[in-house]
**Q** 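Handing you this structure, nothing more for now.
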Amino acid sequence: MNYDTFKLIHSELIMSVQYIEQDLKLIYSILKGGKFYDNYSDVENAPLGKLLKSLQELDQELGYSKIKEKEYYLLNQIREIRNYRCHQCYIDFHYIENPKEHDKAFQKVADRLHEDKLRVYDLQQKIEKLRKSVERKHRHKK
């Protein structure tokens, strides 16, 4: 993978993580019951870990079970993926002066990026589909 492709995929990965976080906030706010805006204000600025815990508790309470345990596990891993991609991945190769070692470190980070992107993208598509389904069902209850 070249550097320009790396930057593009990196950007798409961060975009997918942002979509997941927002969709989870919307799903939680709709399913919680009560006023949507009150529920949303409870999670609007919540860290992802707290949001996931709240959503999983609500999911169990309602018996909703549209998000499987393995998906909750990956959602928890997304915090680590996001943190690494936002705060560390460029550092892991940028400051290496030896060109051969720099390229080797870059390729290692790039390979991991590709794996992360595939895992996150598939989950993002599922969570987005779930959000749309929850929104449709909620509109029909009004």
Side-chain angles (χ1 to χ4, degrees), residues 1-140:
M1 174 183 310
N2 67 35
Y3 189 63
D4 287 337
T5 302
F6 177 86
K7 290 187 297 184
L8 177 64
I9 293 173
H10 181 272
S11 179
E12 290 174 346
L13 175 79
I14 299 304
M15 176 186 69
S16 290
V17 170
Q18 288 178 354
Y19 289 162
I20 287 170
E21 288 186 73
Q22 184 63 21
D23 283 346
L24 291 173
K25 290 174 184 179
L26 294 170
I27 291 167
Y28 175 86
S29 300
I30 292 167
L31 292 178
K32 178 121 170 68
K35 295 184 179 181
F36 171 85
Y37 293 105
D38 292 340
N39 296 339
Y40 187 80
S41 68
D42 290 343
V43 294
E44 182 177 16
N45 296 313
L48 183 56
K50 183 176 187 275
L51 171 64
L52 289 173
K53 185 176 181 200
S54 297
L55 182 61
Q56 194 167 17
E57 288 171 358
L58 180 63
D59 191 0
Q60 290 171 350
E61 179 184 315
L62 296 175
Y64 193 66
S65 303
K66 297 294 182 184
I67 301 174
K68 307 288 185 251
E69 279 302 314
K70 69 177 185 165
E71 292 159 340
Y72 276 114
Y73 177 75
L74 180 54
L75 285 166
N76 274 304
Q77 287 184 321
I78 283 175
R79 289 181 303 149
E80 295 171 23
I81 291 169
R82 179 201 55 207
N83 289 343
Y84 175 73
R85 293 294 162 197
C86 289
H87 302 292
Q88 186 63 43
C89 75
Y90 284 93
I91 305 302
D92 283 352
F93 62 86
H94 179 76
Y95 292 99
I96 300 173
E97 293 183 20
N98 177 302
K100 213 173 189 180
E101 291 300 315
H102 178 275
D103 289 346
K104 182 178 176 184
F106 169 74
Q107 285 305 320
K108 183 178 176 183
V109 171
D111 290 346
R112 186 171 160 199
L113 174 67
H114 182 69
E115 292 170 19
D116 288 347
K117 173 66 173 120
L118 292 175
R119 292 170 56 213
V120 169
Y121 180 78
D122 289 344
L123 183 59
Q124 185 268 317
Q125 294 296 299
K126 179 175 173 104
I127 296 297
E128 181 176 20
K129 185 177 176 182
L130 177 59
R131 180 205 24 100
K132 289 177 179 179
S133 172
V134 168
E135 287 175 333
R136 276 192 305 276
K137 288 178 185 171
H138 179 71
R139 273 195 288 270
H140 295 303

**Q** Any heavy-atom pair between the side chains of V109 and F6 that's under 4.5 Å?
**A** yes
**Q** Indicate whether any N or O donor in one side chain lies under 3.5 Å from an N or O acceptor in the other, for Q124 and E128.
**A** yes
**Q** List the steps, then state whether side chain to side chain contact (heavy atoms under 4.5 Å, CB included) holds for K70 with L74.
**A** CA-CA 6 Å; K70 69 177 185 165; L74 180 54; over 6 Å; no
**Q** Has the side chain of S41 got a donor or acceptor atom that lies under 3.5 Å from a matching backbone atom of D38?
**A** yes
**Q** Do you know the tightest heavy-atom contact between I14 and R85?
**A** CD1-CB, 3.9 Å
**Q** Roughly how far apart are M15 CE and Y121 OH, rounded to 0.5 Å?
**A** 8.0 Å
**Q** Using every non-hydrogen atom in the two residues, find where K66 and D59 come nearest and quote the distance to one decimal.
**A** N-OD1, 4.1 Å
**Q** Report yes if some heavy atom in the side chain of I81 is under 4.5 Å from a heavy atom in the side chain of R119; otherwise report no.
**A** yes
**Q** Do D103 and K100 meet the salt-bridge criterion of a basic N to acidic O distance under 4.0 Å?
**A** no
**Q** Is the backbone N or O of E12 less than 3.5 Å from a side-chain atom of S16, with the two atoms forming a donor-acceptor pair by type?
**A** yes
**Q** Is any side-chain heavy atom of I127 closer than 4.5 Å to one of Y19?
**A** no
**Q** With rounding to the nearest 0.5 angstrom, report the CG to CG distance, L118 to L113.
**A** 9.5 Å
**Q** Do I78 and L52 have side chains that get closer than 4.5 Å, going by heavy atoms?
**A** no
**Q** Look up atom NZ in K117 and atom NE2 in H10, then write down how far apart they are to the nearest 0.5 Å.
**A** 12.0 Å
**Q** Do Y73 and E69 get their side chains close enough for a donor-acceptor pair, meaning under 3.5 Å?
**A** no
**Q** Counting only heavy atoms from other residues, nucleotides and ligands, does the tally under 6.0 Å from OH of Y95 exceed 12?
**A** no
**Q** Do K32 and S54 come close enough that some side-chain heavy atom pair is under 4.5 Å?
**A** no
**Q** Can you give me the closest heavy-atom contact between H114 and M1, atom names plus distance?
**A** CB-CE, 4.3 Å
**Q** Can you tell me how far the CD1 atom of I30 sits from the CD atom of E135, to the nearest 0.5 Å?
**A** 4.5 Å
**Q** Can you tell me how far CD1 of I96 sits from CZ of F106, rounded to the nearest 0.5 angstrom?
**A** 12.0 Å
**Q** Are the side chains of E80 and Y84 in touch, meaning some heavy atoms are under 4.5 Å apart?
**A** no
**Q** Determine, step by step, whether L75 and L55 satisfy the side chain to side chain contact (heavy atoms under 4.5 Å, CB included) criterion, reporting the C-alpha distance in whole Å, the side-chain angles of both residues, the deciding distance to 0.1 Å, and the verdict.
**A** CA-CA 11 Å; L75 285 166; L55 182 61; 5.8 Å; no
**Q** Please work out whether the ring planes of Y90 and F93 are parallel, tilted or perpendicular, with thresholds of 30° and 60°.
**A** tilted
**Q** Answer whether the closest heavy-atom distance between the side chains of L48 and K25 falls below 4.5 Å.
**A** no
**Q** Can you confirm whether D23 sits close enough to L130 that some side-chain heavy atom of one is under 4.5 Å from a side-chain heavy atom of the other?
**A** no
**Q** Do you know which two heavy atoms are closest between S29 and N39, and how far apart they sit?
**A** O-ND2, 3.0 Å
**Q** Atom NE2 of H102 and atom CD of Q107: how far apart are they, to the nearest 0.5 Å?
**A** 10.5 Å
**Q** Have D42 and Y28 got a donor and an acceptor in their side chains that come within less than 3.5 Å?
**A** no
